[in-house]
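Here the structure comes first, spelled out in structure tokens, and everything after it is commentary.
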Amino acid sequence: QVQLVESGGGLVQAGGSLRLSCAASGRTFSTVAMGWFRQAPGKERGFVARIRWNGGMTYYADSVKDRFTISRDNANNTVYLEMNSLKPEDTAVYYCATTSVWGSLRPEMYDYWGQGTQVTVSS
């Protein structure tokens, strides 16, 4: 199994920046991609960004494109989400997850999840 631990969330004013980290441990050899999702109160958990473990191919939700950057450090089994120009609508619990399938944006296609880290953006 895989264990994931998110960190880096917090309270920030609109227009500010945060960098989230997700450290993976355990049996990660079958992971081909890692993704970030977020869930705001009363909403479905939605896709934010993903990165292929080998090669680094990335994909972003339209709502965060050009503002967020996903990256990874393979040697340390860590994925990052750099969030810039934050907006109040970015407020949510952010989760990282692993998948053995590259193509899906659906949460149910991801295998292991962290506990989440809260991001709150004030007006």
Side-chain angles (χ1 to χ4, degrees):
Q1 63 179 17
V2 178
Q3 295 82 44
L4 303 172
V5 180
E6 302 98 335
S7 62
L11 175 65
V12 64
Q13 294 185 21
S17 300
L18 286 173
R19 190 176 81 155
L20 307 183
S21 299
C22 175
S25 61
R27 298 175 63 85
T28 61
F29 65 91
S30 62
T31 298
V32 301
M34 296 184 68
W36 286 97
F37 293 78
R38 64 187 181 186
Q39 188 166 23
K43 296 184 178 180
E44 298 286 336
R45 185 172 299 187
F47 170 78
V48 175
R50 69 184 180 206
I51 186 166
R52 194 161 190 161
W53 198 247
N54 298 124
M57 181 182 295
T58 60
Y59 192 82
Y60 298 90
D62 288 342
S63 59
V64 306
K65 197 173 301 180
D66 300 323
R67 297 190 298 120
F68 291 10
T69 302
I70 188 170
S71 61
R72 85 274 192 260
D73 182 348
N74 293 52
N76 293 311
N77 288 328
T78 303
V79 173
Y80 305 95
L81 185 68
E82 180 73 32
M83 305 185 295
N84 300 310
S85 301
L86 283 162
K87 305 174 181 179
E89 51 262 45
D90 295 319
T91 295
V93 177
Y94 284 70
Y95 301 88
C96 65
T98 68
T99 182
S100 59
V101 179
W102 167 243
S104 181
L105 306 179
R106 302 192 301 272
E108 60 265 29
M109 298 303 297
Y110 284 71
D111 304 310
Y112 298 98
W113 294 81
Q115 295 300 306
T117 185
Q118 177 71 48
V119 172
T120 302
V121 184
S122 62
S123 300

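Just so we're clear, the structure is a prediction, and the values are computed from it rather than from any experiment.
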Going hydrophobic residue to hydrophobic residue with side-chain gaps under 4.5 angstrom, can you get from Tyr60 over to Leu86?
-> yes
Indicate yes or no for a side-chain donor-acceptor contact from Asp90 to the backbone of Lys87 under 3.5 Å, with no hydrogens or angles considered.
-> yes
Any chance you could measure Met34, atom CE, to Asp111, atom CG, to the nearest 0.5 Å?
-> 11.0 Å
More than 12 heavy atoms of other residues, nucleotides or ligands under 6.0 Å from CD of Gln115: is that the case?
-> no
Which heavy atom in Pro88 sits nearest to a heavy atom in Ala14, and how many Å separate them?
-> CD-CB, 4.2 Å
Tightest non-hydrogen contact, residues Trp113 and Pro107, listed as CZ2-O, 3.3 Å
How far does CZ of Arg19 sit from OG1 of Thr69, to the nearest 0.5 angstrom?
-> 11.5 Å
Closest non-hydrogen atom pair, Gln118 against Thr91 | NE2-CG2, 4.0 Å
Is there a chain of hydrophobic side chains (I, L, V, M, F, W, Y, each step under 4.5 Å between heavy atoms) that links Val93 to Val64?
-> no
May I ask you to check if Arg45 and Phe37 form a cation-pi contact, with NZ or CZ under 6.0 angstrom from the six-membered ring centre and within 45° of the axis?
-> no
What one should report as the nearest heavy-atom pair of Cys22 and Trp36 is CB-CZ2, 3.7 Å
Side chain to side chain, Trp102 and Met57, heavy atoms closer than 4.5 Å | yes
CD/Gln13: more than 12 non-hydrogen atoms of other groups inside 6.0 Å | no
Kindly compute the distance separating OG (Ser63) from CZ (Arg38), expressed to the nearest 0.5 Å.
-> 4.5 Å
Just by distance, with hydrogens left out, do Asn84 and Ser17 show a side-chain donor and acceptor under 3.5 Å apart?
-> yes
Below 4.5 Å, heavy atoms only, C-beta onward: do Val12 and Thr120 meet side chain to side chain?
-> no
Supply the atom-to-atom distance Ser25 OG to Leu4 CG, rounded to the nearest 0.5 angstrom.
-> 7.5 Å
In sequence, state the C-alpha distance, the side-chain angles, and the governing distance for Leu18 and Val119, and then conclude on side chain to side chain contact (heavy atoms under 4.5 Å, CB included).
-> CA-CA 9 Å; Leu18 286 173; Val119 172; 3.9 Å; yes
Rounded to the nearest 0.5 Å, how far does CZ of Arg106 lie from OG1 of Thr99?
-> 10.0 Å
Arg67 side chain to Ser85 backbone, donor-acceptor under 3.5 Å | yes
Looking at Gly114 and Glu6, what are the two nearest heavy atoms and their distance?
-> CA-OE2, 3.2 Å
Any cation-pi pair here, Arg72 with Tyr80, using under 6.0 Å and within 45°?
-> no
All heavy atoms of Ser104 vs all of Met109, minimum pair found to be OG-CG, 3.0 Å
Residues in side chain to side chain donor-acceptor pair (under 3.5 Å) with Thr78, at least two apart?
-> none
Apply the test side chain to side chain contact (heavy atoms under 4.5 Å, CB included) to residues Tyr112 and Thr31: give CA-CA distance (whole Å), side-chain angles for both, the deciding distance (0.1 Å), then the verdict.
-> CA-CA 10 Å; Tyr112 298 98; Thr31 298; 5.9 Å; no
Mind running salt bridge (Lys or Arg N to Asp or Glu O under 4.0 Å) on Asp62 and Lys65 for me, showing each step along the way?
-> CA-CA 5 Å; Asp62 288 342; Lys65 197 173 301 180; 3.1 Å; yes
Kindly say whether Trp53 contributes a backbone atom to a donor-acceptor pair with the side chain of Asn74 at under 3.5 angstrom?
-> yes
Separation of Leu81 CG from Arg50 CZ (nearest 0.5 Å) | 14.5 Å
Given the rule that I, L, V, M, F, W and Y join up when any side-chain heavy atoms are under 4.5 Å apart, are Tyr59 and Tyr95 in one cluster?
-> yes
Apply side chain to side chain contact (heavy atoms under 4.5 Å, CB included) to Met83 and Leu20, showing your working.
-> CA-CA 8 Å; Met83 305 185 295; Leu20 307 183; 3.7 Å; yes
Would you say Phe68 and Ile70 are hydrophobically clustered, going by side-chain heavy atoms of ILVMFWY under 4.5 Å?
-> yes
Give the cluster check for Ile51 versus Tyr110: same hydrophobic cluster or not, with ILVMFWY residues linked at side-chain heavy-atom distances below 4.5 Å.
-> no
